[in-house]
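So the structure is just underneath, and the comments pick up after that.
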Amino acid sequence: MKQLLSGNQALARGAWEAGVAVAAGYPGTPSTEILETLAPMPGVYAEWSPNEKVALDVAIGAAYAGQRAMAVMKHVGLNVAADALFYAAMTGLEAGLVIAVADDPGMHSSQGEQDSRRYAKFARVPCLEPSDSQEAKKMVGLAFALSEAFDTPVMVRLTTRISHSSSLVTLGPDRPLEANSTPRPYRIDAPKYVMVPAYARQRHPVMEERIVRLAEYANTLEVNRLEWGDRRLGIVSCGVAYQYAREVFPGASFLRLGMTYPIPARLVAEFAQGVERLIVLEELDPFLEEEIRLLGIPCEGKSIFPAVGEFTPEQVRDCAQRAGLLPVSPEPRAAPIANLPPRPPVLCPGCPHRPVYITLRKLKVVVNGDIGCYTLGFAPPLSAVHSTGCMGASIGVAHGVAKAGITQKNVAVIGDSTFLHAGIPALLNIAYNGGKTVTIILDNRTTAMTGHQDHPGTGHTLQGQPAPPVHLETLVRALGIRYVATVDPYDLETLERTLRAYLEIDEPAVLIASRPCALLPEVRFKRAPMAVRAEACLGCGLCLSLGCPALSQSATHQAQNGRPVAEIDPLLCAGCGICQQLCPAQAVSPQEGEEVRR
Amino acid sequence: MMRANFLVAGVGGQGTLLAADLIALAGVAAGLDVKKSEVHGMAQRGGSVISQVRWAEEVFSPLIPQGEVDYLLAFERLEALRYTHWLRPGGVALINDYRIPPLVVSAGLMPYPGEEVQAAAFASANRVLVPAMALAQQAGSARVNNVVLIGALARFLPIGATVWEEVIRRRVPERTTAMNLEAFHQGWAYIDERGLGWNGA
Ligand SMILES: Cc1ncc(C[n+]2csc(CCOP(=O)(O)OP(=O)(O)O)c2C)c(N)n1
């Protein structure tokens, strides 16, 4: 039976069929559904670790213990886990280790779009790249086999368009239940696994020699395929770009590389000799292009196709036409309608982050922010986040800003999942080094941005086991912070009073704004939506400055001053009542009995 | 062999992912090769979102080339306008007659595009406005407006209603099955009563 699976689901299924015993990761679009799919499968231990470095260490440990293991992350997660990647590449393992990493060309949901193949080369580990879901499933199995045959971690690189596209997959047999159930003795081998300089010096040559053997083996791999067609045009491609190549250049010759590092030198040479014009079509960096040039084979790639952003089929076609690879289309494509009002992502109605931002905006402090839903506070009309870099950066950056000295006050703002990911050492640093910065932890009891994953503060694990929820106040105090308060962000008055007080004291302080994400099933649709009494509304627009999607200007105008009156869409309103607290005319109140309609 | 490209456009949170799933599963049930592409994550937070589904004997690119969309399913009127140039001439746009003003509009900084813009935008396509919110409410909840639109779309395709019903049964939570099936029929009937949709030719 064929099933429609996303690349992420297929990869999880493939790992399961291949007998993965332990899998660890940290959520990150577009990689998140891999572990979510794997977690309920029988015979697998799967966890959300607090961050990607811990996740990779866990997977490495399992592979040291002789069980197939997988670590899962998005591209920037591999930056966090890079230290672990490099030692694992040195030591090798006792059983297969796969690192599934999803890049995000076009930055649909990321702060950058780096090309993870560079890490594969940097750490001398092979990299496999599927072109659809069926291949995502198949390549994990291949990755485990290669990992064990060559004693190396293997990277499987996905991109957003592979992760989040679904296509038909033929499933393999379910795996036997008893797989991996017996513990094995831990094999002691200090020269291989203890990376002190003396032993590490012995391992580095092993690593270099291994990649040479892998490059030779690549020539025989079935996932590296020659597809001969019209020999005037030869296209080397990989990943989703190969699908665009098939769509845009029907009839051309293709070399589809399923292993993009190391590349198969003989196969590439054979292909290059067999075609008149050699083109490389790959998203992001000119990685294959550079590798092919290093073989002394001339080719064209980024002189024709862009090195930034995500490819689209029509863009590939346009570039090909400009380069004379295709005849020019007679009719230009229709243009989009100009000047439509944009609709960027926004904080949801009822989002507990919003009241914190309106308070910070009111107090006119500089906000060193972080990564999560709450990053959206940067946008007008809130305009209350002034720097965002990578996960956990807020607290260190805010401390640096304060130590350098500025004329305004500044605070760090960080989500609960992000704080547990990389914020703790930075807060410890403030306490240790006499910082005075105020840190606000936006504790919405979940990892919201990536779709509500559990974390060490939520009381549950990925596989649904109860877990001791970390107590943020106690944790913060243990780091050496004396001023800590937990407030409900829906209580605007207490929030502002506490924040004002903390900004005045001569010590570091932490304010925990605690209130579950408005989209969590246990709170969603639980409060009656608000309504505006048109006759009472002054049209002052204060509520509109909340940037709440449920609020807008209505067609009705205020009788005295002619200003448009506000209205609330009851289907969107979450009933948080922040606009009610803000309204100077008491024109907003809950519309009882409305819940049933939604 | 039938082939078709579908673009589903809406505002994050409106249920576009479910709609795209249903189209993809119906294609599979009809024995076609299918690819579906969507975006998760940040874009889902109340922003403009699209999903794409392709049916054919063999599908390569998961993304539809611009200008090759046969059916545009829009959950909101402004979002329909954003993707008019993706439609092929003669393509069909099924649009939920519903407006969600984006923040720039609610704040009074930009106007919501008027009726003239909307009509002109679809000059070379067949535009059908579907009162999906009202029809969904008749089915039991405004939230199933996505399945109303699926019903309307289904009436344009040479695949029987029973295939769609089966797919809906498999895909939606059991306690909402009846409501979703009713929503599907509301959408189907809306097109049928107007003499639109596939005429068997
Ligand atoms: C290193 C790294 N890993 C993962 C991500 C993906 N990601 C972005 S924000 C976020 C978590 C946000 O959770 P939280 O801090 O609780 O904020 P919320 O979205 O709930 O407001 C994640 C996992 C990332 N950007 N960088």
Side-chain angles (χ1 to χ4, degrees), chain A residues 2-4 6 29-30 32-33 108-110 132 160-162 164-168 240 243-244 246-248 312-314 317 333-337 339-349 373 375-376 379-381 449-451 519 541 544-545 547 549 551-553 564 569 571-572 597-598, chain B residues 11-13 21 24-25 27-28 33-48 52-53 59-68 76 78-79 81-87 89 100-113 117 120-121 124 133 137 141-143:
Chain A
K2 285 196 173 190
Q3 278 194 23
L4 196 65
S6 70
T29 317
T32 312
E33 301 82 7
H108 294 280
S109 218
S110 303
D132 60 24
T160 303
R161 217 39 86 173
I162 295 296
H164 288 168
S165 290
S166 298
S167 52
L168 291 170
V240 74
Q243 304 288 3
Y244 304 145
R246 291 291 303 271
E247 177 108 12
V248 173
T312 61
E314 65 276 0
R317 184 173 290 142
R333 275 198 315 273
I337 301 178
N339 303 322
L340 289 176
R343 191 192 304 272
V346 284
L347 294 178
C348 303
C373 283
T375 309
L376 295 170
M449 175 95 284
T450 43
L519 296 185
L544 296 176
S545 78
L551 274 155
S552 60
Q553 289 180 342
D569 183 335
L571 288 175
L572 295 176
R597 259 189 60 206
R598 297 189 288 182
Chain B
V11 178
D21 264 5
L25 291 171
V28 176
D33 187 23
V34 168
K35 279 190 180 166
K36 179 188 75 159
S37 191
E38 60 204 18
V39 171
H40 302 186
M42 190 167 216
Q44 282 291 316
R45 293 282 169 267
S48 246
Q52 313 189 20
V53 183
V59 183
F60 293 115
S61 165
L63 294 180
I64 307 167
Q66 262 177 44
E68 295 183 24
E76 198 272 347
L78 168 58
E79 294 313 308
L81 290 180
R82 239 184 265 291
Y83 302 101
T84 49
H85 59 295
W86 284 65
L87 268 174
I100 303 178
L103 284 186
V104 279
V105 173
S106 357
L109 302 174
M110 274 181 100
Y112 193 94
V117 187
S124 68
M133 302 309 270
Q137 254 163 19
S141 164
R143 271 193 276 170

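Proteins come first, then strands; the chains are lettered A, B, ... in the order of their sequence lines, and each starts at number 1.
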Do you know which of B:A24, B:P111, B:P65 has the most heavy-atom pairs with chain A at a distance under 4.5 angstrom?
B:P65
Would you say that A:L340 contacts B:P113 through its side chain, given a criterion of any heavy-atom pair below 4.5 Å between the two side chains?
yes
Gap between atom CG of B:L81 and atom CD1 of A:I337 - 0.5 Å precision
4.5 Å
Between atom CG of B:L63 and atom CD of A:Q243, what is the distance when rounded to the nearest 0.5 Å?
10.5 Å
Close side-chain approach of A:Q553 and B:P101, heavy atoms under 4.5 Å:
no
Side chain from CB out, backbone as N, CA, C, O: work out which of these in A:Q3 comes under 4.5 Å of a heavy atom of chain B, or both, or neither.
neither
With a 4.5 angstrom heavy-atom cut-off, could you sort out which part of A:I162 is near chain B: side chain, backbone, both or neither?
neither
Look at A:R317 together with B:E68 and state whether they make a salt bridge at an N to O cut-off of under 4.0 Å.
yes
Under 4.5 Å from any heavy atom of chain A, what part of B:P89 do you find: side chain, backbone, both or neither?
neither
Out of A:S166, A:S167, A:S165, which one pairs with B:S37 under the side chain to side chain contact (heavy atoms under 4.5 Å, CB included) rule?
A:S165
Let me know if A:P336 has heavy atoms under 4.5 Å from chain B in its side chain, its backbone, both or neither.
both
Please identify, among A:P564, A:G547, A:G451, A:P549, the residue contributing the most non-hydrogen atom pairs under 4.5 Å to chain B.
A:G547
Structural part of B:A107 lying under 4.5 Å from a heavy atom of chain A
backbone
Contact origin within A:P349 toward chain B - heavy atom pairs under 4.5 Å:
neither
Relative to chain B, which of A:S552, A:P341, A:A334, A:S545 shows the most heavy atom pairs under 4.5 Å?
A:P341
Please lay out, stage by stage, how A:T160 and B:E38 fare under the test side-chain contact (heavy atoms from CB on, under 4.5 Å).
CA-CA 9 Å; A:T160 303; B:E38 60 204 18; over 6 Å; no
Heavy-atom pairs under 4.5 Å with chain A, option from B:S61, B:A120, B:G108 with the top count
B:S61
Report the option among B:Q52, B:M133, B:E76 that has the most heavy-atom pairs separated by less than 4.5 Å from atoms of chain A.
B:E76
Does some side-chain heavy atom of B:V104 sit less than 4.5 Å from a side-chain heavy atom of A:P342?
yes
Could you measure the distance from the CG atom of A:L4 to the NZ atom of B:K35? Nearest 0.5 Å is fine.
11.0 Å
Can you tell which part of B:I64 gets under 4.5 Å to a heavy atom of chain A, answering side chain, backbone, both or neither?
backbone
Is there side-chain contact between B:H85 and A:R333, with heavy atoms separated by less than 4.5 Å?
no
